[in-house]
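One structure is given below, encoded as structure tokens.
Keep in mind that this is a model prediction, so the values were computed, not measured.
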Amino acid sequence: MRLTRRTMIHGTILSAAVAGAGPALAQSRRGRSVEAPVRWIDGAAPELHNGQTFGVAWVRGALSKGQALTVRGAGGEAVPSQSWPTAYWPDGSVKWTAHAVPPGVTGEKLVVANGRPALPAAPVSVRETAEAIFVRSGTLEWEIAKSGPAAIRSARNGERVLLANARLLGEIRAGSPEGERIALTGTIERAVVEQKGPVRAVVRLEGHHVGGGRSVLPFVVRLYAYAGSEALRVVHSFVLDIEATDHVSALGIATDVPMRGALHDRHVRLATADDAMFVEAVRPLTGLRRDPGKAVRDAQIAGRAVPAEMRDPVGKLLERIPAWNDFSLSQLNANGFTLTKRTGEGHGWIDADEGHRAPGFGYVGSPEGGAAIAARYFWQRHPTQIDIRDAASDTASLTAWLWSPDAKPMDLRPYHGTMGMESFAAQNQGLDITYEDYEPGWDDPKGIARTSELMLWAFDATPETPRLQALARAAATPPQLMAEPAHLHAAGVFGDWGLPDRSTPQRALIEDQLANLVDFYAGEVDRRSWYGFWDHGDVMHSYDSDRHQWKYDIGGFAWANSELSPDLWLWYTALRSGDARTWRLAEAMTRHTGEVDVYHMGRFAGLGTRHGVQHWSDSSKQPRVSNAAYRRIFYYLTADERVGDLMRALVTSEQTLQHVEIGRKTGAPKEQLPEGVIQMAFGTTWAVCAGAWLTEWERTGDTRWRDRIAAGMDSIGRMPNGWLTGGAPYDLKSGRFLTRDTIGISHLNAVFGAVEIQAELIQLIDMPRFRAAWLDYCRWFNAPRAEWAAKFDRPYGGRNLRQGHSRLTAYVAKATGDAALAARAAEEFYSGEAGQRMARDPRVKLPGGVVEWPGVSTNGASQWGLAAIQTLALVPEALDTVPVPTRAPRADQANPEQGPSYRP
């Protein structure tokens, strides 16, 4: 189709008509039937899962508050479900709902629709006493402590205790990595029931690790129970609050397991590499010189009680067969585990197995009951370990170590000294040469956090090995339900994006490159071993083509720490494709960047750290990294409570900027501001904070957050130069900017989620002056120099990331129906300037398994990906009509590394 002003205006009028009809449509839709198709991200129903929670978006006005929803199978039959709202539209209608289904629901596709939800055959239920919370699922009851050292006091089937005293463990080395060992035990200080069933119950536990006179490493642990499940899902979060002189040397979760019956009827199962299972008994009856009989051997391997009669002389000589008391599977790096066992303390460890990557699953028990534990990301977040101790005694212990006690302690000390950089001038020199913004004392990890996911099962008897293997697979790679991308798109959430479109050669080329970039980064994670407890989930910032290595040791070119929004690029890609590989890459990044790259307590609380060699080493602490916009897509798709907590904690993050001045090293004259007023950039700070306020307003309906957003929007809209002002003094109490008649263009202002958040704000809050200010910014950022000079009497400066900003030009083109702007947007996108050039597949394979993407940087990939998704959604016809250039961009365009003029 030929792109003309008429076709652009026609599309814009249609869009405006739909938007203008919003209230009327809302009124007509409310109370009517609704349907949302749901699918598994892997494309097929899993062999099993441990319970599912997923989110569904609804068109404004379609679903009224309190309207009942149910989940149906593909054949229309109701399946057990539990539903609740997670966000609201401004008119009070429901924007997002969350839905839980129990483990037995495994249909290929599901549908969320109007109707009364079906109850499970045995609903999960919760009751409380003064001292404990009891969660019952079928005949299994979990007793959860409200205080004290045992998080889970017991899991019982009737009167039979299957596990007991489930507790958090830790250890620190005082003074140095070789210092005194101080054992820690998690102590519960608060317990809250967040959901009571009938499909899903959630209990939140809070406390500290206590030992040696210390109370450290505050934690939040959530326990999830699903109807019909023998398991609790455990989400374990802790904050690092110890001084740099101390070192965490162990962190884990342990439970006691009553051991019943003969030693030869006690079973150990440890998942190993390639879906194999270590299947042994405490006292083995296989492989002996004398055969006890096939029925005996088969029973022991199957996990059943062996027949009472054994062939002579085995039954008479059982005490001569060693009983193996302790087992340990240790994964100290991403590419190798060892499995050892011993008969008891004081005796030697015997090598039992070794391999590449263990999934992180262990079981101990008997035909009369047992327990299993699994840790997700087991090998990816090394050093980890599964331990079984005292299996030959009356009570065994089963431990999942999130940080193995056999590994070296965590060493989070600064990776270099002051190097003469005591002054701002010297620190700016360091920035100029290594791209690191160093400042003594600011390379401090105190206040960062980490969340881990585990499963804990209580069994009536030793399950068959194939079932344990399936449980191990599901724990290592949890299946996930997701609303169909087409439904999410039709709901009008998350601004401007569209579904994959290969209808023309240019669009197909863009779609191919989107897929290839995700494939490249997913491959690099493994090829470059971007693994480890603190690193897993992040990616590197820039590539060193001379060393054929990412710049892991060069200042600000090392870990990306969300620089230029790789989180958003991956989540928007997953939104539109529903692709499992993209989802899991984005999920791991969300788990990392929202925890490790952000401060959750202390002087930097609410801020994140700019990219660097260590995730906390750079002295630029800013909201642009802690950014709620990077978490909210995952939250709404999964209703994940931990991520919800993280976003809620950010609603007051701007207050921290009263004592952490972002621009303290620029050398620019500092304006004397009244108390309670700070300098604030519109994009890298205000828009970021607005993302947190928007999310809180949506989740709660509390209009004070809407009003805070609106105050900022109105004051920006009243500026003589609107968004082009770039930033201004901000009154923390009123939420308004002080008027300034300046222009301050920054290539960073729009690329930390500002584009996406502004699109949502304009959709939700009717403020014409703000909309006009944003459209002006979108029009003029990438404007040709001559056009700028004809319009403004201010310098044309501060431009970079031209390709990434093409989506701003596309936005104003769509909004105004301007065909010339649409063509300009397409040309900017295809230019490759400070991004990625278009190519069929530019990857190059080198010796040693190295794969390179010429000119790649995470900055460029992220901004190219977001520009591709949004220009495809806004001006697809222009992308068809503007020719794709065949020349490669200049080297400095292909890898957008900012020079000395860049200020973090």
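A salt bridge is absent between E131 and K146: the closest approach of a Lys/Arg side-chain nitrogen to an acidic carboxylate oxygen does not fall below 4.0 angstrom. Electrostatic pairing of K341 and D351 does not count as a salt bridge here, judged by no charged N lying under 4.0 Å from a carboxylate O. The existence of a salt bridge linking E453 and R591 is confirmed by a sub-4.0 Å separation between a basic side-chain nitrogen and an acidic carboxylate oxygen. Electrostatic pairing of D387 and R389 counts as a salt bridge here, judged by a charged N lying under 4.0 Å from a carboxylate O. Salt bridge status for R127 with E141: present, with a side-chain N to carboxylate O gap under 4.0 Å. With salt bridges taken as basic N to acidic carboxylate O contacts below 4.0 Å, none links R266 and E368. Ionic pairing of D411 and R413 is present here: one or more N-O contacts between side-chain nitrogen and carboxylate oxygen are shorter than 4.0 angstrom. In summary, E243 and K446 engage in a salt bridge, as defined by a charged side-chain N under 4.0 Å from a carboxylate O. One finds no salt bridge joining R450 and E595 here, because no Lys/Arg side-chain nitrogen approaches an Asp/Glu carboxylate oxygen to under 4.0 Å.
Looking only at atom types and distance, the side chain of S330 has a donor-acceptor partner in the side chain of Q385 under 3.5 Å away. Side-chain N/O atoms of R642 and S237 include a donor and acceptor closer than 3.5 Å. A side-chain N or O of T97 and one of H99 form a donor-acceptor pair less than 3.5 Å apart. Remark: the T86 side chain and the Y636 side chain contain no N/O donor-acceptor pair separated by less than 3.5 Å.
Between the CG atom of L468 and the CZ atom of F361 there is a distance of 4.5 Å, given to the nearest 0.5 Å. The CD atom of Q52 sits 4.5 Å away from atom CG of L481, with the distance rounded to the nearest 0.5 Å. In this structure, OH on Y377 lies 14.0 Å from OG1 on T384, to the nearest 0.5 angstrom. Note that CG of L163 and CZ of R153 are 14.5 Å apart. Values are rounded to the nearest 0.5 Å. Put simply, OG1 on T53 and CG on D640 are 9.5 Å apart, with the number rounded to the nearest 0.5 Å. In this structure, T338 OG1 and D353 CG are separated by 9.5 Å, a value rounded to the nearest 0.5 Å.
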Could you pull out every donor-acceptor pair under 3.5 Å between side chains of residues 205-214 and any protein atom, sequence neighbours left out?
from : atom 1 : to   : atom 2 : distance (Å)
E206 : OE2    : R190 : NH1    : 3.1
E206 : OE2    : R204 : NE     : 2.8
E206 : OE2    : R204 : NH2    : 3.2
H208 : ND1    : E189 : OE1    : 3.3
H208 : ND1    : E189 : OE2    : 2.9
H209 : ND1    : L217 : O      : 2.8
R214 : NH1    : D246 : OD2    : 2.6

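Judged by distance alone, the side chain of S137 and the main-chain N or O of G228 form a donor-acceptor pair under 3.5 Å. Between the side chain of D326 and the backbone N or O of R342 there is no donor-acceptor pair closer than 3.5 Å. H600 contributes no side-chain N or O that, together with a main-chain N or O of A649, makes up a donor-acceptor pair within less than 3.5 Å. Under the 3.5 Å distance criterion, the side-chain polar atoms of Q469 are matched with a main-chain donor or acceptor of D275. At distances below 3.5 Å, not a single donor-acceptor pair connects side-chain atoms of D390 with backbone N or O atoms of S393. Side-chain N or O atoms of S154 include none that pairs as donor or acceptor with a backbone N or O of R156 at under 3.5 Å. A donor-acceptor pair under 3.5 Å is absent between the side-chain atoms of R631 and the main chain of L646, judged by distance alone. Checking side-chain atoms of H49 against main-chain N and O of P103 turns up a donor-acceptor pair under 3.5 Å. Proximity of a side-chain donor or acceptor of E171 to a complementary backbone N or O of A250 within less than 3.5 Å is not detected. With hydrogens and angles disregarded, a donor-acceptor distance shorter than 3.5 Å links the side chain of Q331 to the backbone of N333.
Taking the six-membered ring where the residue is Trp, the centroids of H615 and H592 are separated by under 6.0 Å. Aromatic pair F238/F219: centroids not less than 6.0 angstrom apart. Aromatic ring centroids of F337 and W379 lie 6.0 Å or more apart.
The number of heavy-atom neighbours closer than 6.0 Å to NZ of K196, taken from other residues, nucleotides and ligands shown, is 12 or below. Residue E47 qualifies as enclosed at atom CD: its count of foreign heavy atoms under 6.0 Å is above 12.
For the pair H264/L318, a side-chain contact is recorded, criterion being any heavy-atom separation below 4.5 Å from C-beta on. Annotation: side chain of I253 is not in contact with side chain of L169 (no heavy-atom distance under 4.5 Å). A 4.5 Å side-chain heavy-atom check between V124 and V135 finds at least one atom pair inside the cut-off. At a threshold of 4.5 Å between non-hydrogen side-chain atoms, the residues Y226 and L232 do not count as touching. Counting heavy atoms from C-beta on, the side chains of P463 and Y363 come closer than 4.5 Å. Side-chain contact between I386 and T399 is absent, with no heavy atoms from C-beta onward closer than 4.5 Å. Between V268 and F278, the closest side-chain pair of non-hydrogen atoms falls below 4.5 Å.
Nearest heavy atom pair, residue A150 against residue I188, reads O-CG1, 4.3 Å. Closest approach of S397 to D256, counting heavy atoms only: CB-OD1, 4.1 Å. Nearest heavy atom pair, residue A628 against residue M647, reads O-SD, 3.8 Å. Among all heavy-atom pairs drawn from A201 and V126, the shortest one is CB-CG2, 3.7 Å. Nearest heavy atoms, L454 versus H236: CD1-CB, 4.1 Å. Minimum heavy-atom separation, P120 to V199: CG-CG2, 3.8 Å.
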Candidate pair N50 and L471, rule side chain to side chain contact (heavy atoms under 4.5 Å, CB included), full reasoning: CA-CA 8 Å; N50 293 301; L471 291 173; 3.9 Å; yes

Residues S404, L332; criterion side chain to side chain contact (heavy atoms under 4.5 Å, CB included); working and verdict: CA-CA 8 Å; S404 166; L332 299 187; 3.8 Å; yes

Intermediate values then yes/no, side chain to side chain contact (heavy atoms under 4.5 Å, CB included), V235 and Y224: CA-CA 8 Å; V235 178; Y224 296 80; 3.6 Å; yes

Derivation and outcome, side-chain hydrogen bond (donor to acceptor under 3.5 Å, both in side chains), residues R632 and T695: CA-CA 7 Å; R632 62 198 303 270; T695 307; 2.9 Å; yes

Side chain to side chain contact (heavy atoms under 4.5 Å, CB included) assessment of D460 paired with L162: CA-CA 7 Å; D460 286 335; L162 304 177; 3.7 Å; yes

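Under the salt bridge (charged side-chain N to carboxylate O under 4.0 Å, His left out) criterion, R269 pairs with no residue, sequence neighbours left out.
Using cut-offs of 30° and 60° for the angle between ring planes, the F459 and W457 rings count as parallel.
Screening R222, R699, R200 against E641 for a salt bridge (charged side-chain N to carboxylate O under 4.0 Å, His left out) leaves a single residue, R200.
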